[in-house]
Structure formats: C-alpha cells, structure tokens
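Reading through the structure tokens given below for one structure.
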Amino acid sequence: MLHDLTAAAFAWSLAYLLRFNFEPPPHFIDEMLHTMIWVVPLQSIIFWRFGLYRGLWRYASVTDLRRIFLAVLTAAAFIPLVLWMFRISAVIPRSVLVINPALLLLVMGGSRFIYRLWKEHGLYRNLKLNVEPVLVLGASDAAVGLSKELARSRDWRLVGFLDDNADKHGCILNGVKVLGALDSLSQWTERMGVKQAIIAMPSAPHQVRKRAIEICNQARVKVLTVPSFDDLLSGRVAISQLRAVELDDLLGRDPVQLDAAGLHELFTNKTVLVTGAGGSIGSELCRQIIHFKPRTLVMFELSEFALYNMEQELAAKFDGIDIVYLIGDVRDATRLDQVFSEYKPAVVFHAAAYKHVPLMEQHNAWQAIRNNVLGTWSVATAAQRHDVAKFVLISTDKAVNPTNVMGASKRLAEMVCQGLQQSGGTRFIMVRFGNVLGSTGSVIPKFREQIAKGGPLTVTHPDITRYFMSIPEAAQLVLQASLMGKGGEIFVLDMGDPVKIVDLANDLIRLSGLSKDDIRIEFTGLRLGEKLYEELLADNEHTLPTPHVKLRIAQAREVDAVWLGNLLIWFSAHATHNDAEVKRALTQWIPEYCPDSNGVKSPDN
C-alpha cells in the first residue's frame, strides 16, 4: 500500500512535469500539490476496494494487471468528479488527467512484474552458470508451464525446447528457444553439455511419448516426465509433479474413454459389492467406483491384512463415502446370504480368485478349482437369489486354451456364469484380460527386488511373451464392460501388442540407471503349466466389435443348466482330489484344456 501511495504521488507529479516539459509555472506547482492531497487518498481507497492487496507480488499475473487497469481507470474517472463535488478550486490541464493513469498503470504494474522476475531469477536467467542445463521435449502449453516452474529453480537452467512440429522451430517460448526436432537431442546434448531431459507431452499419444523416452535413452541422458494427461487434474505443471520414467510409460497406452454419465447411472446412490476387494484388481475397482458416489461400497475379502490396508487407505481419502469392510469366504453360502440380505447390492464385481499359476499347479489344484469355480458359483447364485442386477466376473487370458489349472479354473468359472444366465434376472458379464503391471504375483515387483539385490534377473525363456496393461486401465475397462453388458457376454480387453519378458527385464534395468553389464539376465526354463505366449481368444472363438474401441465380445462355446448341474454333482461327489485326478477331470469339462503343455507353437499358426 505504501508503494502504491508513493506511486500515485509520483505519477501525479510526473504528469504535470511532462505536460509542461519539466518547466511548470509556479502557480501550477501550487495547484498540483493542492490537488494531490485529494487525489492520492481517493486513488488509495479505490485500489483497496479493488482488492489490489490480497495477492502476492511474487505471483503477479495477467489477472492482477487487469485488476490494476480497472482500478486506475476507475480512479481516473472519479478524480474530476470528486474535485467538482467538493468544489476544489483548481485548474487541472486535461492532458494531466490522461497522462496520470497511463503513468500509474506503468509504475504499479511494472514494479510488480519486475519483482516477480527478480524472485524467479528471470532478470538473470542466462547468468545461472553453476546449475545443471536441461532440455524439455515438447513445446506445448504444458511445456511452457513447466518452463515457468524451471525459471524458479536453483538447480536447473532450461536451455531449449525440442519439438517435432517444424512450425515451432526457432520460436521463443517464455524466453527460451525451440531448437529443433526430437531426433536432434543427441546433437544439442553434446553441444550444450546437457545430461538431463524432461518429457513434457502429457496429451501426446503413448507412441509419441515412448519414442521420446527411447531417444533420451539413445542420447544417454537422464529423463524425467510430467504426468500423462489422464493423471493431470489441471493444465498447470509443477516441478513437484515431475517423476522418473516408469515401465508404464514404455508399455502404457492411451487414456480410456469412459461413459461417465452411464457409469453414474449404474453406480450413483446404488450399493456395489466387490469380492477380493483387497487384491490388485479388486482394490482398484473400489477406488474407481468410489468416484461415482455409490450409496454403499461393500468390500468383501478373505485376507484380514489386505482388508485392513484398504480400510486405512480409503478412510483417509473418502471419509464422506459409506464403505463397509467385510471378512468372508466366497465359498461360504451362509455368509454370502447374510451379506446380500443386509446390503442388497445392485452390482457385484467378483474379483476373488487364486491366480498364481505355478502355486496352483502342484499340490493345490483342487483348492484352485474349489475357490475359483465353486466360489464363483456361490457368489453368482447368491446374486440371483437376491435380485442383483449385474454380476461381473473378472477372468483372464489364461482361460483361453488353458494349459494350467488356474487358467482352466477361470474358464470353468466363465462357463458357470454362462450356465446361470437366464432371459430375465441377474445379468452375468465376464471380462478377460492379461497381466497387469505391478499386480500381486506380477513379474515386475519380482524384477525390482532382483535388481535391488544386484541380480540376476530370472526369465523362464528367451521368447516368452505376455500382454500387459496398467491396473487403473484394466479396472476402467471392467467398469465400462459392466455398463455395456446385457448378459452372457465374455468381453475381451484390447491388450495391445504382446511384450517379450526379456525386453521387459532389459527396460527395467535401463530405467534403474544400470546396464546389462551391471545386471545379468538368467534363463531358468518354462515352469510347469506355463505358456510360452498367451492368447485372448480360443481357436474356435471369434469376436464382435462393441461401441468401445478397447472392448470386443468373444463368441465362446456356451453351456446350459444341464451341464452346470453335472458339474455341481462332480463337486459334491468327492471331498477332495489329487492333482492328477483334477487334471484328468478338467480335460472332460474343458476339451481345449491341454495339461502340462507350454503352448510352444507359433502364435502365427
């Protein structure tokens, strides 16, 4: 305020001096001082009323300049009016009334922006010689926003942008030049001694971001990235949001387009139940369902520790949502009836399953079948008895031409849901997808542990391939499939291209800042029941498109109630089976099941 009072007095005096070419007559000096007693307090009151003193000069912006402009313009209009109302006898040159607001705007606005430039080191940006030079890949709005943050940094000095848009080459953005295309990174890093690059292309397609990462790796520079467009809540990018490049950035995909309105209609003010709610997929489903504001979210989980972890996480973030945490076994029909009777869910997501292939293959085959198949039947029939609108089964690509007990159990679970589907009542929807990055039992956490120990990284076969997607994307597509399903469909997620596990291992080594010389890769041989490659569709299946580009419907072999009744008789006939008996029986129930086969035929055949 003191600054603006001084600026007002200075501008009023300078206006008179300019009007008379710095040689004002004595009587005009007297009138200048006489009117200043009225003008400066009037202007200060108007400045205060316009809120000029609520902001911080360090963050002065165009909005602040607009507010100053309106305040100065208002004051210029009020000066002659107030002097006339109070009958102040003074002859004020008309040119002074025009020059004064212009000077005042210049002094008040200029001083604020000069202060901001000084605080952000903008006045001596090019003199920051003892800090690390950095290049930004991309010249979008996000990159410009990032450059403003970098201008405040005491550690980095932005020396240029790189962008493939030739129209931007040579342009100056926030005082920094667009040097050339992404492919010229090596040239500029060598010339400018750059060892750090930042990828600022949050809205670019995944293929473009992946190419930028590969260019950085080839140029042997450290690379950071701003969050992807799907992760940003606003267009502003801060240094605190920068992160190291993760495997998701190399294998990630373009954001999922969700029918938000339809999902709100499906979930909002409804009760939703998720089994296996403490697992990788189940927990992510819960996190995303919460955003659609269900009346109650029932989280059903056998593992006390997993459910406790979810309670601690969600209680801190979503204290306004009614979340019920229930311990229970999906094979316990009595417990299920109690839960369904009390909470009356409208939608059920069945994610509870035993999923670890080698562990289920030996000594645990019967338990895998009982949990994954009989558990599905128990939850599905409970849903029917209690008039649940939709039941969504989380399946797997390992259910296609299964070579292991886990995959066969999930295919049987699909067939159970098909056998239960009727023309009315509960609609059963099945969703198949491949591996998810970072899930429980995934190869990624295992590789990270092995890297932390100095290696080696163990890969079963040089040619083994898998499909991968992120846990959030998988959960989003499951939600979308639940909305689109009419009953009886098997939805297949677009998993993209298969990835060689050995390439995955090499990528993780490189992202860890190491090389093949530092961490060795060791091939251990395919494990029992492990496929060389995964399939999303069986040989006798075909798919139909859906309105969503990342979802297709598999036309699989269907079963009826008679088949389902015979399966239940098999379950009730014996209390237990050994592994060999289970595998022999599975070949009868699932003709495409090939136990102990690694699926080594070529995927092109």
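Heads up: numbering here begins at 1 and tracks the sequence.
- Checking Glu214 against Gln218 by side-chain atom types alone, no donor-acceptor pair falls below 3.5 Å.
- Listed by first then second residue, pairs satisfying salt bridge (charged side-chain N to carboxylate O under 4.0 Å, His left out) with a partner in residues 172-199 read Asp183-Arg211, not counting sequence neighbours.
- Across all non-hydrogen atoms, the minimal contact from Ile213 to Ile199 is CG1-CD1, 3.5 Å.
- For His264, the side-chain hydrogen bond (donor to acceptor under 3.5 Å, both in side chains) partners at least two apart in sequence or on another chain are Thr268.
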Ile289 and Phe349: CA distance, side-chain angles, deciding distance, side chain to side chain contact (heavy atoms under 4.5 Å, CB included) verdict: CA-CA 11 Å; Ile289 290 169; Phe349 290 90; 3.7 Å; yes
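- Expressed to the nearest 0.5 Å, how far CG of Leu104 lies from CG of Leu73 amounts to 11.5 Å.
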Trace of the side chain to side chain contact (heavy atoms under 4.5 Å, CB included) decision for Lys270 with Val347: CA-CA 8 Å; Lys270 307 283 181 60; Val347 184; 5.8 Å; no
Worked verdict on Glu284 versus Gln288 for side-chain hydrogen bond (donor to acceptor under 3.5 Å, both in side chains): CA-CA 6 Å; Glu284 183 62 27; Gln288 299 201 22; 2.9 Å; yes
Full working for side chain to side chain contact (heavy atoms under 4.5 Å, CB included) between Phe78 and Gln43: CA-CA 9 Å; Phe78 268 84; Gln43 289 176 328; over 6 Å; no
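- Between Leu266 and Phe292 there is no side-chain heavy-atom pair separated by less than 4.5 Å.
- Applying the side chain to side chain contact (heavy atoms under 4.5 Å, CB included) rule to Pro547 yields the partners Met484; only residues at least two apart in sequence or on another chain are considered.
- With values rounded to the nearest 0.5 angstrom, His548 atom NE2 is found 11.0 Å from Phe491 atom CZ.
- Gln480 places a side-chain N or O within 3.5 Å of a backbone atom of Asp259 that can act as its donor or acceptor partner.
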Under 3.5 Å, side-chain donor or acceptor atoms of residues 34-42 against the rest of the protein: list the pairs with distances, not counting sequence neighbours.
from	atom 1	to	atom 2	distance (Å)
Thr35	OG1	Trp12	NE1	3.1
Thr35	OG1	Glu31	O	2.8
Thr35	OG1	Met32	O	3.1

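- Nearest heavy-atom pair, Leu103 versus Ala15, reported as atom, atom and distance to 0.1 Å: CD1-N, 3.7 Å.
- Atoms NZ and CG, from Lys168 and Leu179 in turn, are 14.0 Å apart once rounded to the nearest 0.5 Å.
- Of the possible donor and acceptor atoms, none in the side chain of Asn269 sits under 3.5 Å from a partner among the backbone N and O of Pro294.
- At distances below 3.5 Å, not a single donor-acceptor pair connects side-chain atoms of Ser184 with backbone N or O atoms of Gly180.
- A donor-acceptor pair is defined here as one N or O able to donate and one able to accept, closer than 3.5 Å; no such pair exists between the side chain of Lys222 and the backbone of Ala197.
- The heavy-atom pair separating Leu158 from Val136 by the smallest distance is CD1-CG2, 3.4 Å.
- Counting non-hydrogen atoms of neighbouring residues, nucleotides and ligands closer than 6.0 angstrom, the OH atom of Tyr325 exceeds 12 such neighbours.
- Residues satisfying the side chain to side chain contact (heavy atoms under 4.5 Å, CB included) criterion with Phe10, sequence neighbours excluded, are Leu14, Val107.
- Remark: Phe50 CZ is packed, more than 12 non-hydrogen atoms of other residues, nucleotides or ligands lying under 6.0 Å away.
- Applying the 6.0 Å contact sphere to NZ of Lys293 captures no more than 12 heavy atoms from other residues, nucleotides or ligands.
- Side-chain contact between Ile92 and Pro80: absent, with no pair of heavy atoms (C-beta onward) separated by less than 4.5 Å.
- At a threshold of 4.5 Å between non-hydrogen side-chain atoms, the residues Val134 and Arg157 do not count as touching.
- The 12-atom threshold is not exceeded at OH of Tyr308, counting heavy atoms of other residues, nucleotides or ligands nearer than 6.0 Å.
- One finds the CD atom of Glu473 at 10.5 Å from the CZ atom of Phe433 (value rounded to the nearest 0.5 Å).
- Contact check for Leu162 versus Val178: no side-chain heavy atoms found under the 4.5 Å cut-off.
- Residues Ile99 and Leu18 approach most closely at CG2-CD1, 4.0 Å, considering heavy atoms.
- Closest heavy-atom contact between Gly193 and Pro133: O-CG, 3.7 Å.
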Step-by-step side chain to side chain contact (heavy atoms under 4.5 Å, CB included) determination, Met310 to Met299: CA-CA 9 Å; Met310 287 303 298; Met299 300 180 65; 3.7 Å; yes
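- Looking at Asn165, its side chain does come within 3.5 Å of a backbone N or O of Asp167 through a donor-acceptor pair.
- Taking OG1 of Thr296 as the start and CG of Asp322 as the end, the distance is 4.0 Å to the nearest 0.5 Å.
- Qualifying side chain to side chain contact (heavy atoms under 4.5 Å, CB included) partners for Val208, counting only residues two or more places apart in sequence or in other chains: Met201, Ala204, Pro205.
- Side-chain contact check for Val392 versus Val478: some heavy-atom pair is nearer than 4.5 Å.
- Considering all non-hydrogen atoms of both residues, Val96 and Arg19 come closest at CG2-CB, 4.0 Å.
- Taking 4.5 Å as the limit, every side-chain heavy atom of Arg220 sits out of range of all side-chain heavy atoms of Thr189.
- Side-chain contact between Ser482 and Phe267 is present, with heavy atoms from C-beta onward closer than 4.5 Å.
- Of the possible polar contacts, one joining the Thr546 side chain to the Leu551 backbone as a donor-acceptor pair under 3.5 Å is found.
- Residues Leu137 and Asp163 fail the side-chain proximity criterion, which asks for heavy atoms closer than 4.5 Å.
- Environment of CD in Glu311: crowded, with over 12 heavy atoms of neighbouring residues, nucleotides or ligands closer than 6.0 Å.
- From Ser280, atom OG reaches atom CD1 of Ile394 across 12.0 Å, with rounding to the nearest 0.5 Å.
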